[in-house]
4 protein chains.
Amino acid sequence: MAEDADPARRSIGARRNPDSAGAILEAAEAVLVEAGYSGFSIEAVARRARAGKPTIYRWWPSKAALLLEVYKRQKRVDIPDTGRLEEDLVGFLQNLFKHWRETSSGSIFRSLIAEAQSDETASAALAEYALGRPSHTVQIVERARQRGEVAEGVDSAPVADLISSYAWRHLLTNRLDQDEQSIRKAVGYVLRGIAAPGN
Amino acid sequence: MAEDADPARRSIGARRNPDSAGAILEAAEAVLVEAGYSGFSIEAVARRARAGKPTIYRWWPSKAALLLEVYKRQKRVDIPDTGRLEEDLVGFLQNLFKHWRETSSGSIFRSLIAEAQSDETASAALAEYALGRPSHTVQIVERARQRGEVAEGVDSAPVADLISSYAWRHLLTNRLDQDEQSIRKAVGYVLRGIAAPGN
Amino acid sequence: MAEDADPARRSIGARRNPDSAGAILEAAEAVLVEAGYSGFSIEAVARRARAGKPTIYRWWPSKAALLLEVYKRQKRVDIPDTGRLEEDLVGFLQNLFKHWRETSSGSIFRSLIAEAQSDETASAALAEYALGRPSHTVQIVERARQRGEVAEGVDSAPVADLISSYAWRHLLTNRLDQDEQSIRKAVGYVLRGIAAPGN
Amino acid sequence: MAEDADPARRSIGARRNPDSAGAILEAAEAVLVEAGYSGFSIEAVARRARAGKPTIYRWWPSKAALLLEVYKRQKRVDIPDTGRLEEDLVGFLQNLFKHWRETSSGSIFRSLIAEAQSDETASAALAEYALGRPSHTVQIVERARQRGEVAEGVDSAPVADLISSYAWRHLLTNRLDQDEQSIRKAVGYVLRGIAAPGN
DNA sequence: GTCTAAACGAGACGGTACGTCAAGTCTTGGC
DNA sequence: GCCAAGACTTGACGTACCGTCTCGTTTAGAC
């Protein structure tokens with residue numbers, strides 16, 4: 001944001017002003033954290049960012065687009081690599097829950113999912129985001145496959161689907177404070193289902 | 001709804017008018033089906049039901065409460081009982097997806113989940129609804145346990161959690177048209193994790 | 001306006017709240033006086049009246065309708081009755097100019113005319129207002145006709161048209177401070193044109 | 001405008017580009033004709049002229065200044081010279097009304113008057129324009145005076161004021177389709193008031 | 001021939017106001 | 001005391017312009 005006493009950002013010519021974009025994204029995150037999804041409005045973001053509403057609409061066609069970009073700006077969650085599939089998955093879920101709990105990411109992602117239920121573009125954006133990259137779980141499972149931990153013929157996509165779904169629902173139902181034991185139990189049932197004989 | 005051609009229900013005196021309540025619930029469902037969650041407003045429901053807004057607010061303190069009652073009015077999904085755990089679970093998920101797809105239940109439940117992300121009462125209602133009764137999956141698993149299909153020490157709650165989560169996410173991301181094979185695969189991974197030795 | 005410390009007017013049920021209407025009209029007049037036509041906006045009126053914009057739009061479909069009602073609320077200008085046509089007309093114009101100068105009526109009427117140049121409804125409202133009642137000038141001339149001051153065959157409508165036009169243009173061009181002599185001269189030319197022989 | 005297919009005029013160096021000025025004035029007139037005063041905005045003119053907004057603001061400091069220049073570009077109305085005062089005045093008004101009706105001049109002048117009600121510079125410009133030259137009516141009356149048609153001591157300024165006012169009001173209230181008889185009647189009343197004895 | 005200054009189109013900027021929609025609260029008057 | 005009805009304040013929606021600003025380009029005229 002501008003320092004000192006300059007109260008308003010000026011245009012920097014006929015192109016996007018990164019200061020404005022940054023201030024808007026920061027404001028969006030702050031509003032989401034402080035007022036929650038129900039208090040999240042373009043107006044509120046504009047007020048907080050000291051930006052005009054049209055400036056927001058110029059760059060983000062919908063609330064969803066803004067949310068998604070805010071979410072993408074977040075620091076990513078760590079993917080553990082312990083050499084053992086179960087530890088990797090449990091650790092990943094623990095990291096993810098912690099990340100969602102302790103940063104604004106959780107709020108943002110919840111909002112995004114909620115928005116996707118009523119807004120077509122949010123839905124599309126979310127789908128594209130979800131499918132556009134190999135999920136962390138898929139990466140973890142593939143690594144385990146190379147180590148020989150995974151039974152032949154196991155498809156990692158449904159596994160990732162199960163694990164992601166589990167995470168989503170815990171986020172959506174305020175159950176991110178799950179202890180390690182519970183996570184390990186659920187993950188374990190899936191793992192035993194896909195483990196290579198002898199593992 | 002009112003008989004004859006009288007377009008407006010009259011008061012029936014100092015007690016709740018069941019016609020009104022019924023008309024409101026029907027209108028809520030109709031609005032949800034026709035306009036989706038984004039078009040679902042108390043205002044729209046009142047218009048459609050030819051009811052006053054205060055009448056709605058008197059009996060349902062929030063949008064969430066109305067949604068929840070609409071959801072509860074829906075016909076429940078069938079729980080298969082084939083004598084084999086895998087068939088039961090796959091069949092149940094297929095029934096559920098079909099039910100969500102082909103009736104208004106899917107829309108309603110999606111809306112309820114979305115609403116719960118911004119409305120505290122919806123969140124509580126949803127939690128209470130989810131936890132207040134043994135889930136269908138728990139029932140199915142428990143039945144299998146009695147048949148000896150389930151390994152000792154297996155906790156049915158995390159299993160139900162995994163299965164429900166899988167269903168929720170498919171609902172929330174418009175993937176209710178999953179074919180049997182995909183469902184069977186995902187369910188299978190969980191099942192092998194909990195199967196009794198020899199099953 | 002509400003007395004004491006009650007900051008917000010409440011609804012008084014399913015009918016128009018005269019307090020609100022009054023507050024809006026007063027606010028409209030005040031805004032017009034203080035900020036002029038260029039500063040006159042529905043937003044400003046709503047802010048000043050502590051009313052919601054929809055409340056204004058509910059009762060006045062356009063800026064023009066609001067302006068017109070504000071104008072109609074103004075105290076009317078006195079029509080002299082001296083028994084002599086020239087004195088009546090000169091006196092009337094002097095009264096009118098004074099009224100326009102010293103109350104907010106002048107500003108309001110100017111605004112109304114300006115609004116009518118871009119807004120169809122304002123144009124219609126103004127026309128309806130202008131044609132809907134015999135103008136003051138017509139009344140004055142008709143009275144003179146009964147006294148025998150007016151030549152036979154004289155039509156009072158074009159006379160009123162000339163006099164009204166003269167008044168309008170002086171309003172629109174900030175020349176309401178015309179001295180009696182100038183007014184008398186202009187009126188005199190018209191009068192001599194319509195005087196009965198011997199008058 | 002630029003030749004060939006080059007869609008954008010370039011700068012021609014450190015001086016005003018007459019092509020741009022011309023295109024802007026033409027665009028302003030076109031916008032006014034097509035969208036009326038309510039649709040007349042600097043933005044719209046710039047779009048239509050394929051010019052940048054700053055180019056317009058550089059040369060015309062306000063909407064009023066642009067309007068005024070557009071008005072001045074218009075072909076002037078013909079002043080008849082029949083040798084008889086009444087015919088001259090009636091003819092002039094007929095020409096003026098026709099000119100206002102059938103060219104864009106009427107729209108432009110209306111807009112200018114409207115603008116002058118909220119914009120100080122427009123007001124000043126209009127006053128300066130109106131007072132800065134002898135009006136057509138004054139010219140006509142002075143010519144008649146030299147022919148001996150006008151009574152001694154008659155001041156042509158108030159006469160012109162009456163006639164101009166009549167014209168203005170008919171413009172502002174959409175009554176430019178007045179037939180000759182009506183005009184002649186109104187003009188006649190004034191004329192008889194100023195005629196030399198025996199005329 | 002180089003350099004400076006100004007004008008050009010384009011379009012982003014912070015704002016204000018628009019007119020609409022829905023939220024949740026309130027009162028009336030009928031039953 | 002419940003009902004339909006509908007007015008109330010509040011506040012967000014997405015859009016149109018406002019007048020200002022900076023950009024990168026172009027050209028004339030001063031050196």
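Residue numbering restarts at 1 for every chain, and letters A, B, ... go by the order of the sequence lines.
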In whole angstrom, give the distance that lies between atom [atom1] of [X] and atom [atom2] of [N].
{"X": "D:R48", "N": "F:dC17", "atom1": "CZ", "atom2": "C1'", "result": "18 Å"}
{"X": "A:I12", "N": "E:dG14", "atom1": "CD1", "atom2": "P", "result": "11 Å"}
{"X": "A:I24", "N": "E:dC13", "atom1": "CD1", "atom2": "P", "result": "7 Å"}
{"X": "A:L66", "N": "F:dG14", "atom1": "CG", "atom2": "P", "result": "12 Å"}
{"X": "C:D19", "N": "F:dA7", "atom1": "CG", "atom2": "C1'", "result": "13 Å"}
{"X": "A:I56", "N": "F:dA12", "atom1": "CD1", "atom2": "P", "result": "13 Å"}
{"X": "A:R10", "N": "E:dG14", "atom1": "CZ", "atom2": "P", "result": "10 Å"}

Please confirm whether any donor atom in the side chain of A:K53 sits under 3.5 Å from an acceptor in the base of F:dG14, or the reverse.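 For A:K53, whose side chain was compared with the base of F:dG14, there is a donor-acceptor pair (under 3.5 Å).
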Return the 5'-most residue of the pair A:P61, C:P54 with respect to DNA chain F, ranking by each residue's nearest nucleotide.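 Of the two residues, C:P54 wins.
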Listed partners of [X] passing side-chain hydrogen bond (donor to acceptor under 3.5 Å, both in side chains), at least two apart:
{"X": "C:S20", "result": "C:R9"}
{"X": "C:N17", "result": "none"}
{"X": "C:E128", "result": "none"}

Taking only the side-chain nitrogens and oxygens of [X], find out if one of them lies under 4.0 Å from OP1 or OP2 of [N].
{"X": "A:R15", "N": "E:dC13", "answer": "no"}
{"X": "C:R50", "N": "F:dC8", "answer": "no"}
{"X": "A:S11", "N": "E:dG14", "answer": "no"}
{"X": "B:R58", "N": "F:dG1", "answer": "no"}
{"X": "D:R47", "N": "E:dA10", "answer": "no"}
{"X": "A:W59", "N": "E:dG11", "answer": "no"}
{"X": "D:T55", "N": "E:dG9", "answer": "yes"}
{"X": "A:S20", "N": "E:dG14", "answer": "yes"}
{"X": "B:W60", "N": "E:dG24", "answer": "no"}

Can you list, in residue-number order, the parts of residues 36-44 of chain C that come under 4.0 Å of DNA chain E, counting heavy atoms only?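 Those residues are C:S41, C:I42, C:E43.
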Taking all atoms of both residues into account, what is the closest heavy-atom pair of B:I108 and B:L67, and its distance?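 So the minimum-distance heavy-atom pair works out to CG2-O, 3.7 Å.
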Considering all heavy atoms, the nearest A:A64-A:L112 contact: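 Distance-wise, the nearest heavy atoms are O-CD1, 3.8 Å.
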Nearest nucleotide by nearest heavy atom, which residue falls closer to the 5' end of DNA chain E, A:G52 or D:A49?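 Counting from the 5' end, the first nearest nucleotide belongs to D:A49.
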Residues 31-46 of chain C, side-chain donor-acceptor partners within the protein, below 3.5 Å, at least two apart:
| from | atom 1 | to | atom 2 | distance (Å) |
| --- | --- | --- | --- | --- |
| C:E34 | OE1 | C:R48 | NH2 | 2.7 |
| C:E34 | OE2 | C:R48 | NH2 | 2.4 |
| C:Y37 | OH | C:E115 | OE1 | 2.5 |
| C:S41 | OG | C:A44 | N | 3.0 |
| C:E43 | OE2 | C:K53 | NZ | 2.8 |

Check salt bridge (charged side-chain N to carboxylate O under 4.0 Å, His left out) between A:K63 and all other residues, then give those that pass, not counting sequence neighbours.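 Expected list: none.
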Please verify the inter-ring angle class for D:F109 with D:Y71; under 30° counts as parallel, over 60° as perpendicular, anything in between as tilted.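 Parallel.
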